[in-house]
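Just below is one structure, and these are the notes that go with it.
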Protein chains: 4
Amino acid sequence: MPRTADANAALREKTRERVLQAAVRLFSRHGFDGTSVRALAEEADIAVGLLYSHFESKEAVLLALMQSSMVDVARTLEDADREPTARGFVTALLTSTVAMLDAHRDLWRLSQGLRHQPEVLARLKLPLEHFLGATHQRLERALAARGLPEAGIEARVLFATVEGLTQQYLQQEGGYPAADVIRAMARKWPGALRKRKADAP
Amino acid sequence: MPRTADANAALREKTRERVLQAAVRLFSRHGFDGTSVRALAEEADIAVGLLYSHFESKEAVLLALMQSSMVDVARTLEDADREPTARGFVTALLTSTVAMLDAHRDLWRLSQGLRHQPEVLARLKLPLEHFLGATHQRLERALAARGLPEAGIEARVLFATVEGLTQQYLQQEGGYPAADVIRAMARKWPGALRKRKADAP
Amino acid sequence: MPRTADANAALREKTRERVLQAAVRLFSRHGFDGTSVRALAEEADIAVGLLYSHFESKEAVLLALMQSSMVDVARTLEDADREPTARGFVTALLTSTVAMLDAHRDLWRLSQGLRHQPEVLARLKLPLEHFLGATHQRLERALAARGLPEAGIEARVLFATVEGLTQQYLQQEGGYPAADVIRAMARKWPGALRKRKADAP
Amino acid sequence: MPRTADANAALREKTRERVLQAAVRLFSRHGFDGTSVRALAEEADIAVGLLYSHFESKEAVLLALMQSSMVDVARTLEDADREPTARGFVTALLTSTVAMLDAHRDLWRLSQGLRHQPEVLARLKLPLEHFLGATHQRLERALAARGLPEAGIEARVLFATVEGLTQQYLQQEGGYPAADVIRAMARKWPGALRKRKADAP
DNA sequence: CATGAATGAGCTTTCATTCAT
DNA sequence: CATGAATGAAAGCTCATTCAT
């Protein structure tokens with residue numbers, strides 16, 4: 001047997017990773033349709049044919065990318081779940097989200113841009129819907145566990161807040177006062193553990 | 001012959017409008033790249049050549065569309081400006097936004113999808129940035145005028161809220177409890193006119 | 001309305017015909033897979049794009065060709081049907097077949113070459129089978145009407161004879177003694193009208 | 001070490017044979033162009049590289065196949081040569097042909113399909129014409145030796161009959177009444193040894 | 001000897017745009 | 001003004017072949 005199986009596997013993994021990195025860069029800058037497979041291969045510094053031995057199609061590359069972006073989200077939720085109060089939860093969630101955006105800015109620009117392109121996402125639609133539903137439920141449970149009434153509605157409010165912050169943060173090239181905005185957002189949520197009217201004074 | 005000239009102008013205007021309406025439908029369903037000029041002409045029920053006598057290129061059609069979506073935003077702000085309190089302002093702004101999304105759902109799906117594709121929007125980038133900046137300023141002035149401290153930061157919070165709600169509302173095919181969510185969002189903002197800490201517990 | 005509809009139709013017909021003629025030439029020489037669409041368009045002296053406005057695909061060009069070859073066969077049968085004896089029928093059928101091969105040599109080389117390429121013919125398979133079945137029946141009826149016993153089997157013999165002659169005639173570039181071969185073939189069939197044992201010595 | 005060398009040679013021969021068998025199956029089902037080298041190697045259960053150590057190219061595999069089909073033909077002629085009368089010769093030839101088609105149906109479907117693609121055959125440098133000429137001569141000598149006048153022309157008739165039967169038999173998936181058709185074909189040829197008019201009524 | 005990762009030319013097809021009529 | 005035939009560049013993808021291991 002030639003070339004150990006291990007060596008081959010490592011070789012393949014390296015190539016695959018290079019393609020994915022090239023894809024984030026190009027897709028996020030020029031869009032999915034605006035990036036040709038030829039350009040993708042060039043950026044990854046491989047031949048087009050090789051790309052197709054790793055991914056079934058150009059769409060499959062995108063799919064792999066999007067899946068990895070879903071993992072990101074799950075992690076931010078886990079981070080936040082350690083906080084005992086609603087306000088702590090919100091603060092942690094938003095802070096963790098911004099950290100994640102900093103780490104994978106291109107991936108998230110791409111992911112947000114795709115949210116409303118039905119055709120491109122046809123094969124991603126169901127997984128995405130399921131994922132959004134699950135995320136909403138986790139938020140609802142988290143808020144309910146922290147004593148918030150109308151947790152279902154408040155979860156939607158929080159979800160919108162995360163998405164809105166994401167959107168604004170990605171839009172700005174830099175200089176977005178994320179820390180201040182997060183603090184202002186968080187103080188709208190109850191900071192104590194005891195039950196109270198959602199927003200009273 | 002001024003009469004004929006008038007008739008011609010009206011006819012041209014009608015044709016142009018038909019193209020734009022066809023474009024919203026197709027672009028929002030299949031994406032910009034996923035819509036061929038031939039399909040566009042067919043949907044507008046005119047010949048391809050005629051389309052090119054109204055618009056310089058396919059991109060020009062998109063540009064025209066996006067510009068009209070900016071007008072929408074300006075109107076929602078005007079609606080809200082009549083409210084005296086911050087909470088009233090927020091409520092009116094969000095309600096008006098949802099109404100606008102209902103009226104031009106396709107246009108907004110398209111517009112949101114394009115937000116993060118820098119290359120496609122290259123020619124729209126500057127106008128867009130200027131527009132976003134102006135919108136932020138209008139929000140800031142509105143909140144400051146209603147006695148909110150840190151109006152600059154709070155304007156960003158509000159902007160994110162509007163965007164987040166827009167995103168969520170467009171994502172859902174139907175059945176989004178917009179009224180409840182808006183109420184929950186609004187009650188996080190001060191409802192009285194007197195100066196106070198934003199939300200202190 | 002620009003360019004009369006008639007002029008357009010004529011234009012299209014001329015182009016379509018040019019494509020078909022180019023296709024017979026190239027497909028018969030290099031095979032279906034061996035002919036690229038680019039080569040096809042070049043031979044027809046049009047742009048590739050135009051070819052696709054006349055035919056849905058490369059395969060559709062082939063289909064159109066094959067259909068026209070079936071018409072040929074039907075005509076040879078009609079020619080032969082005027083003869084009262086079996087031998088006259090066979091003679092006329094074979095003579096007419098050779099004439100047809102002379103007229104459309106390339107088309108028939110192509111058609112024969114495709115007979116056994118299942119994948120290429122996938123969409124042609126059913127029509128072809130139906131056509132072969134119908135042809136066999138027409139031969140059987142023709143022989144039975146001319147007093148031949150075992151007309152079903154004899155029809156198969158005749159069918160094979162036609163196919164074999166076609167094969168041999170196409171194989172040879174020229175100099176095939178068609179007239180002599182046809183005479184020798186025909187005299188194996190009964191020349192009188194009265195009923196008799198098919199061929200008894 | 002002659003033992004090892006022998007074992008190696010046997011192994012190589014076995015591999016080569018596996019490739020050829022895989023090739024008949026795939027080429028006959030999907031055509032030569034429709035079969036990829038990768039698919040070929042997979043069907044033969046070897047690596048692509050190994051295939052290329054046995055055959056210079058994909059075309060070389062086809063060539064080897066076609067050559068083996070010519071051997072088949074020679075054998076049918078030898079079978080028939082034992083018969084003393086023309087009718088016996090024809091019967092044996094056709095019977096032997098059908099037996100051969102049963103044994104190597106896929107190979108013959110492939111071979112017949114290639115008969116009319118001049119460019120492909122040219123590239124293969126198959127001595128097809130020479131082979132056909134030699135076959136014709138053997139038929140002519142066989143018929144002449146059995147007292148048939150115009151043996152040259154009759155040989156062409158017989159050749160066409162064999163080809164026609166081959167064609168029809170391969171076309172039908174099953175249920176072709178080969179025995180009956182062969183009997184009907186054979187009785188058109190003289191069954192006695194003495195000289196006589198071929199078929200006079 | 002045997003493997004399969006890697007290459008890149010070439011395939012079919014689409015589509016924005018032009019222009020003769 | 002209005003048409004749609006015509007163009008040809010460029011897209012996504014396949015595949016025969018090579019070669020480091």
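By convention in this document, chain letters (A, B, ...) are assigned in the order of the sequence lines, proteins followed by strands, and residues within each chain are numbered from 1. For clarity, every value in this text was computed on a predicted model and none was experimentally measured.
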Any side-chain heavy atom of [X] within less than 4.5 Å of one from [Y]?
X	Y	result
A:Phe32	A:Leu110	no
D:Phe27	D:Leu40	yes
A:Val61	A:Val37	no
D:Arg115	D:Leu128	yes
A:Thr35	A:Arg29	no

Please report, rounded to the nearest Å, how far the [atom2] atom of [N] is from the [atom1] atom of [X].
X	N	atom1	atom2	result
B:Arg18	F:dA2	CZ	C1'	13 Å
C:Glu13	F:dA5	CD	P	13 Å
D:Tyr52	E:dA5	OH	P	16 Å
D:Leu26	F:dA16	CG	P	12 Å
A:Asp33	E:dC15	CG	P	11 Å
D:Leu51	F:dC19	CG	P	17 Å
D:Phe55	E:dA2	CZ	P	14 Å

5' precedence on DNA chain E between C:Glu56 and A:Thr15 (nearest-nucleotide basis)
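In this pair, the answer is A:Thr15.
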
Side chain of B:Leu50 only, please: which of E:dT7, F:dA2, E:dG4 is the nearest?
F:dA2

Within residues 35-45 of chain D, which residues have any heavy atom lying less than 4.0 Å from an atom of DNA chain F?
D:Thr35, D:Ser36, D:Val37

E:dA5 OP1/OP2 closer than 4.0 Å to side-chain N/O of A:His54:
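No, A:His54 has no side-chain N/O under 4.0 Å of OP1/OP2 on E:dA5.
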
How do A:Lys58 and B:Arg12 order along DNA chain F: which one's closest nucleotide is nearer the 5' end?
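Its nearest nucleotide lies further toward 5', so the answer is B:Arg12.
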
Select from A:Val48 and B:Ser53 the residue whose nearest nucleotide in DNA chain F is closer to the 5' end of that strand.
B:Ser53

Answer yes or no: is there a donor N or O on one side and an acceptor on the other, between the side chain of C:Ser111 and the main chain of C:Leu107, under 3.5 Å?
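Looks like no, no N/O pair under 3.5 Å.
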
Donor-acceptor pairs under 3.5 angstrom involving side-chain atoms of residues 45-56 of chain D: please list them, not counting sequence neighbours.
| from | atom 1 | to | atom 2 | distance (Å) |
| --- | --- | --- | --- | --- |
| D:Ser53 | OG | D:Leu50 | O | 3.1 |

Which value, rounded to the nearest 0.5 Å, describes the distance between B:Arg25 atom CZ and B:Leu20 atom CG?
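Going from CZ on B:Arg25 over to CG on B:Leu20, the span is 11.0 Å.
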
Here DNA chain F, pairs taken as Watson-Crick or G-U under 3.5 Å and shown with ( ), [ ] when crossing and | when to another strand, reads .||||||||||||||||||||

Do other residues, nucleotides or ligands put more than 12 heavy atoms under 6.0 Å from D:Glu129 CD?
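Result for CD/D:Glu129: open.
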
